[in-house]
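One structure is given below, encoded as structure tokens.
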Amino acid sequence: MTTVVELPTPTVVAPRSRRRALRRVLRNPLAAAGLVVVVVVLAAAALADLLAPYPFDLVDFDATLQPPSLAHWFGTDELGRDQLSRVLHGLRVSMIVGVMSVVLSLVVGVPLGLLAGFYRLLDPVISRLTDTLLAFPFLVLAVGLAAILGPSLTTATVALAVGLLPLIIRVARSETLRLREMDFVAAAVADGADDLELLRRHILPNAVNALLVQATVAVPLAIIGEAILSFLGLGVRPPIPSLGVMIASAQPLFRDGPWLAVIPGVAIVVLTLALNLFGDGLRDALDPRELRR
Amino acid sequence: MTAAPAPDPAPRAAAAPAAPGPALEVTGLVKHFGPVRAVDGVDLAVAEGEVLGLVGESGSGKSTLGRCVTRLVPVTAGSVRIGGREIARLSRHAIRPLRRGFNIVFQDPSSSLNPRLTVGDIAGEPLRQHRLGTAAQRRNRVIEMLDSVGLGSEVIRRYPHELSGGQRQRVSLARALVAEPALLVADEPTSALDVSVQASVLNLIARLQRDMGFACLFITHDLASVEYLAQRVAVMYLGVLVEVADRAELFERPRHPYTQALLSAAPIPDPAAQRQRRRVVLSGEMPSPVSPPPGCRFHTRCPVAVDRCAVEVPPLRPVGPAGALVACHLVGDDGTAPSL
Amino acid sequence: MRPGGEPLLAVRDLTVRFRTEDGPVLAVDGASFEVAGQETVALVGESGCGKSVTAMALTGLLPPNATVSGEVRFGGDNLQQRSRSALRAIRGREIAYVFQEPMTSLNPVLTIGRQIAEVLHRHQRLRGAPARRRAVELLDLVGIPLPARRLREYPHQLSGGMRQRAMIAMALACTPKLLVADEPTTALDVTVQAGILDVLRTLSAETGTAVLLITHDLGVVADIADRVVVMYAGRVIEEADVDDLFARPGHPYTRGLLDAVPNPARRSDGSLREIPGRVPVLASSPDACTFADRCSRADSTCRVHRPELVPGPAGHPVRCWHPLAPVVAGERR
């Protein structure tokens, strides 16, 4: 007797939809590969001090401009510094600036977006702000701000965060506009919730998925932005290695040591591509249209 | 299933002060969305403990009316009194403490529950917002309320997506009734459900209403469920009421031509009776609420309209011995109705 | 059941399985039924019973994660063995579909006239003035006023009821032998629905088209169906002429459905009949009655033996070990 009458008796699983989404991301080979790369890079960046074979600023004039070898996998630069160690530290800088600028942007942008979406009166003000920011291309804005604020890791982060702000506000606003028309928000009003409760308890938690997706799109943008700022001398300053700084300083040496520019360049491409693939997979997985029953 | 809510340990004040007059009284209610005249002058009262069925087709403004009386949207003009209290012009903030006395249930059980909250949190939301009782008392009350809608206490840790449509609608009812309001607005509560589930939700509403004694504005397009649940029925067309009567009166002697057409159009699950029925098929469709027809709003589709109907707005007036209210020039004061 | 000849559509042992993230789902479990020419058959059931999947499976409209087995004979032809392109040709010309939401089936950027003209051109090589004449004829047939003017309008300019009429007109453009209408009036108001049902009712008489109506609404069934096939959890559980089914339901589920609808025509002051529990989602076909868990008449037999669709006490086929005996008229509560 093989009576398989599966009645839908669901067990208690905490926010299952998100865990399910992660499973769905992992089933998408490109997104899974992206996630693996991101995790490996994060780990490598976090453990840069342990993994790096040499200190990133160890100058060795006996081994300048060496092509990749067993002793120096990624070669050395004109001061004989180990490029592998510098790339690892550079990735750390990239990840810190990338993630921190997005976090900062979320901290400022999400409340603004929620307010713009929720209060009709505030919307024109906040939307005008985002429109103004959007009038400048992201990089032009970041470069301009960094130039005004002066070069440093912090100003690069702040400049990038401001540049990313419109992306975050836009998503938070449109999610709020969508959610505030939902019946469960009306039900919460009927239950006596005040505006703060509506935003905090009923709207924000349901906007998290969309914001998460937008954040994964914003991080690679910020990483490229940081590289360009540093390349232009507006971000991290030598001797702290940043991928952008490394490419910038490798430029005059391109004929003698092409690997000096190529390797950090490839690192940026691989990292941002991996983040984008993962972000796309996440977006597809969280897309409500994909949530068939 | 339990017959009545168990004696309640949590200290709850009486749902509303025993105010004189009806649980809900609406006068001259108008709601415009820009140029759309969704509700255009409605007078309506629901007595304490009464179920009033509000029937209409899509675009009639019935749902907007429900959202106006629960003040989920601002009211353009007119008065809404709940338990004698005028709420039409109160600010969103000023209404909040009064919301204990009334609540609403929506049509779509998949969108009316916050997917990020557990059933226990959802059902306890009114208690939490109105700061009723301690956390433990609230929890007990939620379990008790879930029990009286036929859900076991194990659901309190579940999320809405883990429940079936019928179970979700039960959660909605528990949520709306947990603070014992004096008025429940039910906006198409069974329309999104399967037939067999519809029956259980209708039975549940009937039982809860009997046991708890709240007044209910039951909004629906489904005549059969109104006939099952309501004591009185109001028929809405294009923003205005065309007929209000006791249930038996309305179903046995529909007077307004629109009511007659509506009743004759509703298919009944009985092939023999269906074949014997004469069906009035209306010409055209409901005009746009942006520019409703002058005079009687139904005259453009009315099979018996006369010249007067296009000019003069028929008032909702009492006709016949049973006190039905009808807005039609062709219905006599004695209640004689035009035959379509 | 009906005398004479091969039926227009004969479905034999149709089984549809889906591969889903939550594992395999058996959506249709050996469904068999027939539709004769000019007949209106209603396929009735609640959501999840497999009625829409059955309709889609007829002409291979299911997504790729579905596996279909069984036999679909249409006009003596086994559709299951036809290629995708052959099915596409049959779809529209011989079997036409009308769905619940006309707006998603109509192209928003083309006029109604253009869309009908395309169908006429594709299947009948009709164009120019004759095509136009035919289009006006069709809109007139489905009761659209001022048909010549409507041809120039876009879908969004029509009301919901008019759009559904336009859909039916398009479906009828090639005088199909079978019209499959999947919940055609569910999204519409009753006064609008009444008009559409009138169109469907007169259809077979005027054009000779048979109708397979997929619906959950017993009122609609009572209104226009000649014969009814009731489905539950993927299986056909009862089949009868419409009067017979409403007067003498044999399956407890059918009876439950009938009693669950508030029925103004036969008032009862008691509460509505509830059917406890819910429709099971099946991974495979159990050797049991799929309704047993919800049935008050179920006993051990029902849980371990599969009931077959055999003539019950009222004479029509019922898939139940303990079918209901016909009740004398007037005795029903």
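Numbered from 1 within each chain, the chains take letters A, B, ... in sequence-line order.
No option in Leu218(C), Leu257(C), Asp217(C) other than Leu218(C) meets the side-chain contact (heavy atoms from CB on, under 4.5 Å) test with Pro269(B).
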Criterion salt bridge (Lys or Arg N to Asp or Glu O under 4.0 Å) on Arg279(B) and Asp223(C), from CA distance to verdict: CA-CA 11 Å; Arg279(B) 182 145 60 186; Asp223(C) 200 350; 2.7 Å; yes

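Of all the heavy atoms in Leu202(B) and Leu272(C), the pair that sits closest is CD1-CD1, 3.7 Å. Of all the heavy atoms in Val190(C) and Pro267(B), the pair that sits closest is CG1-CD, 4.3 Å. Val195(B) and Glu46(C) get closest at one heavy-atom pair: N-OE2, 3.5 Å.
We find the OG-CG distance between Ser196(B) and Leu258(C) to be 12.0 Å, quoted to the nearest 0.5 Å. Within the model, atoms CG of Leu204(B) and CD of Glu274(C) stand 8.0 Å from one another, a figure rounded to the nearest 0.5 Å. Atom OG1 of residue Thr191(C) and atom CD of residue Glu57(B) lie 3.0 Å apart, to the nearest 0.5 angstrom. How far CD1 of Ile224(C) is from CD of Gln274(B): 10.0 Å, rounded to the nearest 0.5 Å.
When Ala260(C), Ala225(C), Pro276(C) are compared by the number of non-hydrogen pairs under 4.5 Å with chain B, Ala260(C) comes out ahead. Highest contact tally toward chain C, considering only Ser264(B), Gly59(B), Ala265(B), Ala261(B), is held by Ala265(B) [criterion: heavy-atom pairs under 4.5 Å]. No other option in Ala206(B), Ala199(B), Gly166(B) has as many heavy-atom pairs under 4.5 Å with chain C as Ala199(B).
If you measure heavy-atom distances from Arg277(B) to chain C, you find no contacts under 4.5 Å at all. Heavy atoms closer than 4.5 Å to chain B are found nowhere in Val221(C), neither backbone nor side chain. For Val281(B), the part sitting under 4.5 Å from any heavy atom of chain C is the side chain, from C-beta outward, and nothing else.
The closest side-chain heavy-atom distance from Phe246(C) to Asp270(B) is not below 4.5 Å. Within the 4.5 Å cutoff, no side-chain heavy atoms of Val261(C) are placed close to those of Gln198(B).
Comment: Asp243(C) engages Arg275(B) in a salt bridge, judged by a side-chain N to carboxylate O separation of less than 4.0 angstrom.
By the side chain to side chain donor-acceptor pair (under 3.5 Å) test, Arg152(C) is found to be paired with no residue, residues two or more places apart in sequence or in another chain being considered.
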